[in-house]
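A short worksheet on the structure shown next.
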Amino acid sequence: MSELTGKQRVQKLFKREPVDTMPCFSGQGAVVIQAIEKMETQFAKIHTDAWLMAESAITSARLFNMDGVVIPYDMAAVAEAMGRGISLYENAEGIIYPTVPNKWKDLDEIDIPKDYMNQGRLPMIDEAFKIIKEEAPDLAVGAWVLGPFTLAGQIMELDILLKGLKKKKDQTAKFLEQVTTVTIDMCKHYQDLGVDFINVREMGSGTDLLSPRMWKTLVGPNLKKVFDSITLVPSVNHICGSTDMIIEMMHECGASALSVDQKNNVVETRKKLGNDVLLFGNFDPYNTLAQLEDVTEVETIIKQCIDSGIDSVWPGCDIWPDIKPANMEAYVRTVREYGKKASPAVGRI
Amino acid sequence: MPCQEDILTALTQAVIKFREKDCKDAARKALDQGVDPMIAVNHGLMPGMKKVGILFDTNEYFVPEVMLSTDAFYAAFEILRPHIPKKRQESELSIVIGSIQGDIHDIGKNLVKIMFEAEGWEVHDLGRDVPLEQFVEKHLEVKSDVIAISAMMTTTMMGMKKVIALAKKESPECLVMVGGASVTREIADLFGADGYARSSGVAVAECRKMVKQYHTFKQKLK
């Protein structure tokens, strides 16, 4: 049998069908500076141009033999489409991700425009997906959206939102339901675009910020609605930060796979959830890919992820674009070689 | 008529239970009853915030609870502050604090800020999404003892390294502390920071330790 393409490998993984080796891909941003330099462009420019966004994703994957791509790179696109503005830091030195400058400051101010899907950079991102699908049919194409709670924190001031959880419970819950509809619409839209998987990143909801009780009542139910709406493609429930106390509730939300970062105790998570659950994670991308001086240390970290019971080694967050090429190569190589053995939920050909 | 002890307890409890109105009432009562406003702050409000820091550190409180306690603290503090003679408000130590450029998250930074204010530090808050050079410019302007930088996201923390390098170049005696969700002690060391706080609850203690170690080191060199 000939070797699987990246797309096939990822698709089989999500179906829990045997693969030749562990796929190497991410649901978090994975653009690297080497791709941006090769294209002779700048980090600040790849967020606003469909071709640059698509090409930087494909080039990053090709340079390091990844199995998939994921766009966009920043988390400000939906808030921008709702009229909250965008800071691109075009004149700043180095790599700075776009942010939202004008968040709503009060629950009463919130007025989500009906046609937001056609505003800001969202149509441009759609175009980038089309380019990727045409130019790289062998790669898995991932879309990611913010979970309702994290998206709420992108369109209104996070401190007001957090206080609202205690002081204005009903109004805040209603607002979160409203934002859940937005996340669902985004997921349906990306399903229609024909992506291969959707990663829902509820990254601001770990127990570094919220109590498990609050998560259960205000985050979990909305996430479940989101995953119930993703019926055509596989989905991933990604939360970074502390997740040990909420991992079972994450699982109950119904995603095809769970993704956690380095703060999660994966061995314990496996014990709690069993071997049938697809589990992705959980290395620290900044330290592993951008800092470590010795590639054997990178190999050790990746092997530890696999040995602890991961089905696909994902970075716990966006890959910091200024990676060390040798570390990135070691990451991919180790996944390919050490990932030849079956993982808990997925067998091998 | 409530005695001083009752009023101080009311202040402490109102902060811990994040009851803003009760906290304001207790502050007014303190003034009405002639309680020294400095004592009301130091022995009423501050123990409340310290307890909140402990509750946060032990996963009994989470960020929303701490933020509401902070609001209660400030509500009472604003009532008491005008009655504290200016001279007594002068602090021995000062700090310039802000969230790094590209990071619009300032909750952690605000929690750390209040911990420093509660401990009597002079705090110069630059806000969030702060251009890198502003940290050092403000430090030079106010001659602060410490610069504290917060980054919630991995994607913004690299700016810290540049601020630290700039601070060491422009003002070698300046101590820089870093923290935030994305920052670990290893990263703090890697960036050349003088100090690191893993949470708002321990930030002031870590900072005091850092300043003390620095002065001890300087004494030994003399």
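- Within the 4.5 angstrom heavy-atom criterion, no atom of B:Glu133 approaches chain A.
- A 6.0 Å sphere centred on CG of A:Asp108 holds more than 12 heavy atoms belonging to other residues, nucleotides or ligands.
- Contacts of A:Thr207 with chain B are made by both backbone and side-chain atoms, with heavy-atom separations under 4.5 Å.
- A:Glu299 and A:Tyr331 share no donor-acceptor pair across their side chains, judged by distance under 3.5 Å alone.
- Neither the backbone nor the side chain of B:Ile100 comes within contact range of chain A; no heavy atoms are under 4.5 Å apart.
- Of the N and O atoms on the side chains of B:His139 and B:Glu141, not one donor lies less than 3.5 Å from an acceptor on the other residue.
- Annotation: B:Lys17, atom NZ; neighbour count of heavy atoms from other residues, nucleotides and ligands within 6.0 Å does not exceed 12.
- Enclosure of atom NZ in A:Lys45 is not indicated, since only 12 or fewer non-hydrogen atoms of other residues, nucleotides or ligands lie within 6.0 angstrom.
- In this structure, A:Tyr73 has its ring center at least 6.0 angstrom away from the ring center of A:Phe43.
- In terms of heavy-atom pairs under 4.5 Å with chain A, the best-connected choice from B:Arg128, B:Met158, B:Glu186, B:Lys162 is B:Met158.
- For B:Tyr61, no part sits under 4.5 Å from any heavy atom of chain A, backbone or side chain.
- Outside the 6.0 Å centre-distance limit, the rings of A:Trp215 and A:Phe149 are not counted as a close aromatic pair.
- A centroid separation of 6.0 Å or more is found between the aromatic rings of A:Tyr89 and A:Tyr97.
- For the options B:Leu68, B:Ile187, B:Val66, heavy-atom pairs under 4.5 Å to chain A are most numerous at B:Leu68.
- Counting heavy-atom pairs closer than 4.5 Å to chain B, the top-ranked of the candidates A:Leu158, A:Ile319, A:Leu161, A:Leu209 is A:Leu209.
- With chain A as the partner, the residue from B:Asp71, B:Leu132, B:Thr184 showing the most heavy-atom pairs under 4.5 Å is B:Asp71.
- For A:Asp208, the part sitting under 4.5 Å from any heavy atom of chain B is the backbone (N, CA, C, O) and nothing else.
- Contact annotation for A:Ile95: only backbone heavy atoms (N, CA, C, O) come within less than 4.5 Å of a heavy atom of chain B.
- For chain A, no part of B:Asn110 is nearby; none of its heavy atoms comes within less than 4.5 Å.
- Neither the backbone nor the side chain of A:Met203 comes within contact range of chain B, judged by heavy atoms closer than 4.5 Å.
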